[in-house]
Amino acid sequence: MYPTSAGIRVLQGAERRLFVESLGMIVDMLTVHDFTPDIQVLDELERNQKIATYHAVARALLVEDEPPPALTAVIEAAVASVYRHIQHMISIEMGEGFPDVDDGGLFGDPGLAESRCWRELALAAGHHLGLTADLGLDEPDYCEWDLLVECLEGRVLWDDDWDMVEYMDAPPAVARRVKAELGIDEDYFVAIPPDPDDADA
């Protein structure tokens with residue numbers, strides 16, 4: 001179970017499938033080489049720490065009898081990175097930033113540019129949660145898809161406190177005051193995830 005913004009729950013239905021597909025790709029990348037989601041609190045971790053963190057997030061969001069984890073910057077950043085990866089894959093799917101899409105498709109594969117897999121998954125998750133009344137598969141504006149994924153993320157994460165780590169380098173008194181005003185636990189930014197050996201990872 002996970003203490004989401006919509007209550008303590010696990011993901012279900014199409015929302016679950018979208019999350020699992022994205023998390024699965026991240027795990028695949030971690031089994032081959034390191035994965036850097038461009039999120040400071042995650043990028044600073046060792047590879048096995050990332051694996052342990054994603055494992056903890058997966059169990060919390062997908063397993064009914066798993067106790068809710070303590071919410072730390074690393075745990076919440078890992079959840080956010082799964083949704084950031086969805087946004088990235090939709091961007092690739094739509095040909096955003098790839099000027100050669102009209103000349104044979106992405107990476108020479110004309111079918112990849114026309115694929116709607118990630119948009120279909122995101123749209124189904126949005127329908128499951130009642131978020132996509134006006135969005136259709138043919139929507140050409142990436143910003144609409146980006147907003148949808150942000151809304152899906154917002155059904156899990158309360159906020160983006162995990163992204164404030166750079167502000168915690170302020171003088172201790174200032175950092176304490178900011179955390180107190182925002183309701184952030186003292187250990188939120190300093191909790192260290194497990195670092196299993198390769199076999200356990």
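The analysis underlying the following values was restricted to heavy atoms, covering all of them including side chains, and did not include hydrogens, waters or symmetry mates.
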>> For a side-chain contact (heavy atoms from CB on, under 4.5 Å) check, start with the C-alpha distance between Arg119 and Met94, then their side-chain angles and the critical distance, and finish with the verdict.
In response: CA-CA 9 Å; Arg119 282 169 286 174; Met94 294 181 71; 3.9 Å; yes
> Rounded to the nearest 0.5 Å, what separation is found between the CE atom of Met89 and the CH2 atom of Trp118?
Replying inline: 6.0 Å
> Taking all atoms of both residues into account, what is the closest heavy-atom pair of Leu42 and Ala77, and its distance?
Replying inline: CD1-O, 3.6 Å
> When clusters are formed by joining ILVMFWY residues with side-chain heavy atoms under 4.5 Å apart, either directly or through shared neighbours, do Ile192 and Val79 land in the same one?
Replying inline: no
>> Tell me every residue that passes ring-ring contact (aromatic ring centres under 6.0 Å, His included) with Tyr83, counting only those two or more places apart in sequence or in another chain.
In response: Phe19
> In terms of hydrophobic clusters joined by side-chain contacts under 4.5 Å, are Val27 and Met29 together?
Replying inline: yes
> Between the main-chain N or O of Ile90 and the side-chain N or O of Tyr142, is there a donor-acceptor pair closer than 3.5 Å?
Replying inline: no
> Looking at Leu11 and Arg16, what are the two nearest heavy atoms and their distance?
Replying inline: O-NH1, 3.2 Å
> Would a distance-only check, ignoring hydrogens and angles, find a side-chain to backbone donor-acceptor pair under 3.5 Å from Glu93 to Cys117?
Replying inline: yes
> What do you reckon, is CZ of Arg9 surrounded by more than 12 foreign heavy atoms closer than 6.0 Å?
Replying inline: yes
>> Donor-acceptor check, side chain of Arg17 to backbone of Leu121, threshold 3.5 angstrom: yes or no?
In response: no
> For the atom pair CG (Leu148) and CD (Glu150), what is the distance rounded to the nearest 0.5 Å?
Replying inline: 10.0 Å
>> Assess whether a salt bridge exists between Glu15 and Arg155, defined as any Lys/Arg side-chain N lying under 4.0 Å from an Asp/Glu carboxylate O.
In response: no
>> Nearest 0.5 angstrom please: Leu18 CG to Ile86 CD1, how far?
In response: 3.5 Å
> Near His128 NE2, under 6.0 Å, is it more than 12 heavy atoms from other residues, nucleotides or ligands?
Replying inline: yes
> Could you state the interatomic distance from CD1 (Ile26) to OH (Tyr54), rounded to the nearest 0.5 Å?
Replying inline: 4.5 Å
>> Rounded at 0.5 Å granularity, tell me how far CG in Asp146 sits from SG in Cys151.
In response: 10.0 Å
> Crowded around Glu46 CD? As in, over 12 foreign heavy atoms under 6.0 Å?
Replying inline: no
> Which atom pair, heavy atoms only, marks the closest approach of Ser5 to Gly154?
Replying inline: OG-O, 2.5 Å
> Applying the 4.5 Å side-chain criterion to the ILVMFWY set and letting contacts propagate, would Leu152 and Val10 be lumped into a single cluster?
Replying inline: no
> Taking only residues two or more places apart in sequence, or in another chain, which ones meet Ser22 in a side-chain hydrogen bond (donor to acceptor under 3.5 Å, both in side chains)?
Replying inline: none
> What are the two closest heavy atoms between Leu123 and Gly136, and how far apart are they?
Replying inline: CD2-C, 4.3 Å
> Looking at Pro3 and Trp158, what are the two nearest heavy atoms and their distance?
Replying inline: O-NE1, 2.9 Å
> Between Pro68 and Ile8, what is the shortest heavy-atom contact and its length?
Replying inline: CG-CG2, 4.1 Å
> About how many Å separate NE2 of His85 and CD of Glu21, when rounded to the nearest 0.5 Å?
Replying inline: 10.0 Å
> Can you pull the side-chain hydrogen bond (donor to acceptor under 3.5 Å, both in side chains) pairs that have at least one residue in residues 24-39, sequence neighbours excluded?
Replying inline: Asp34-Lys50
>> Between Asn48 and Asp197, is there a side-chain donor-acceptor contact under 3.5 Å, judged purely by atom types and distance?
In response: no
> Can you check whether Leu157 reaches Tyr2 side chain to side chain, under 4.5 Å on heavy atoms?
Replying inline: yes
> Is it true that a side-chain atom of Gln87 and a backbone atom of Val149 form a donor plus acceptor pair closer than 3.5 Å?
Replying inline: no
> When hydrophobic residues are tied together by side-chain contacts of less than 4.5 Å, even through go-betweens, does Leu129 share a cluster with Met1?
Replying inline: no
